[in-house]
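These values consider heavy atoms only, across backbone and side chains, with no hydrogens, waters or symmetry-generated copies. These numbers come from a predicted model, not from an experiment.
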Amino acid sequence: MQRRRPSAQIRIENGWARATPPGAKIAAGYMTIRNAAATPDRLIGASSPAAERVETHVTVKEGDIFRMREVLSYEIPARGSFELKPGGAHLMLVNIKAPFTEGAKVPLTLRFERAGEVRTELQVGRLGASAHQH
């Protein structure tokens with residue numbers, strides 16, 4: 001019997017980012033992460049050749065103000081999913097090397113505690129696009 005690789009347990013769906021205006025230094029990435037494994041996993045990092053670094057962020061409400069906070073990781077439940085979406089958890093691509101243009105694809109490598117590295121890409125939608133428009 002062939003042993004299944006751990007990364008086969010993680011599936012990335014609907015990765016996307018908004019186009020960025022000229023001169024922008026940051027962009028946000030969104031997706032759904034599915035974990036088919038019987039044990040939870042944790043997204044512990046990410047990288048992209050399109051940015052100096054990729055951080056894991058959440059949006060928190062402090063009074064009437066929403067702020068972004070960097071977090072160390074995202075818990076991906078066993079046999080479940082975790083959604084990165086506007087106004088919630090998201091990837092922050094910092095010091096992007098060129099503007100994200102509509103229709104482009106941004107390569108991304110996600111690092112998981114158990115599954116290891118998973119390569120994916122973000123499909124760039126129009127400036128101001130929402131998850132429903134993507």
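Thr59 is not listed as a side-chain neighbour of Arg67, based on a closest heavy-atom distance of 4.5 Å or more. With contacts defined as side-chain heavy-atom distances shorter than 4.5 Å, the pair Ile26/Met92 qualifies. Side-chain contact between Met31 and Asn14 is absent, with no heavy atoms from C-beta onward closer than 4.5 Å. Here the side chains of Arg18 and Pro86 are in contact, with some heavy-atom distance below 4.5 Å. Contact of the Glu75 side chain with the Pro40 side chain is registered, since non-hydrogen atoms from C-beta on lie closer than 4.5 Å. Considering only heavy atoms from C-beta on, Ser73 stays 4.5 Å or farther from Thr56 through its side chain. A heavy-atom distance below 4.5 Å is found between the side chains of Ile76 and Phe112.
Comment: Lys105 engages Glu121 in a salt bridge, judged by a side-chain N to carboxylate O separation of less than 4.0 angstrom. A salt bridge does not link Glu102 with Arg126: none of the charged nitrogens is closer than 4.0 Å to a carboxylate oxygen. The pair Glu83-Arg34 does not count as a salt bridge, with every side-chain nitrogen at least 4.0 angstrom from each carboxylate oxygen.
Summarising the geometry of Leu93 relative to Ala51, their closest heavy-atom pair is CB-CB, 3.9 Å, with the distance given to 0.1 Å. The two residues Thr20 and Ala27 come nearest to each other via the heavy atoms CG2-CB, 3.8 Å. Shortest non-hydrogen contact noted between Leu108 and Val54 is CD1-CG2, 4.3 Å. Here the closest non-hydrogen pair linking Tyr74 and His90 is OH-O, 2.6 Å. Between Gly29 and Leu122, the closest heavy-atom pair is CA-CD1, 3.9 Å. Here the closest heavy-atom approach between residue Glu113 and residue Asp41 is recorded as N-OD1, 3.3 Å.
With hydrophobic clusters built from ILVMFWY side chains whose heavy atoms lie under 4.5 angstrom apart, Leu84 shares a cluster with Ile96. There is a path of hydrophobic side-chain contacts, each under 4.5 Å, that joins Phe100 to Ile12. In the hydrophobic clustering of ILVMFWY residues, with side-chain heavy atoms under 4.5 Å counting as a link, Val71 and Leu110 come out together. Hydrophobic clustering of Ile, Leu, Val, Met, Phe, Trp and Tyr side chains at less than 4.5 Å, counting indirect connections, keeps Val94 apart from Leu43.
With rounding to the nearest 0.5 Å, the separation of CD1 in Ile10 from CD in Glu117 is 13.5 Å. Taken from CD in Glu13 to OG1 in Thr120, the straight-line distance is 10.0 Å, to the nearest 0.5 Å. Atom NE2 of His57 and atom CD of Glu70 lie 4.5 Å apart (nearest 0.5 Å).
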Item to check | Worked check of side-chain contact (heavy atoms from CB on, under 4.5 Å) between Arg53 and Asn95 | outcome: CA-CA 7 Å; Arg53 68 183 183 277; Asn95 291 331; 4.1 Å; yes
Checklist entry - Would Arg69 and Glu62 satisfy side-chain contact (heavy atoms from CB on, under 4.5 Å), going step by step from the backbone distance to the final call? => result CA-CA 11 Å; Arg69 295 276 185 254; Glu62 295 175 351; 2.7 Å; yes
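Of the possible donor and acceptor atoms, none in the side chain of Thr109 sits under 3.5 Å from a partner among the backbone N and O of Arg119. Here the side chain of Ser48 pairs a donor or acceptor atom with the backbone of Pro107 at under 3.5 angstrom.
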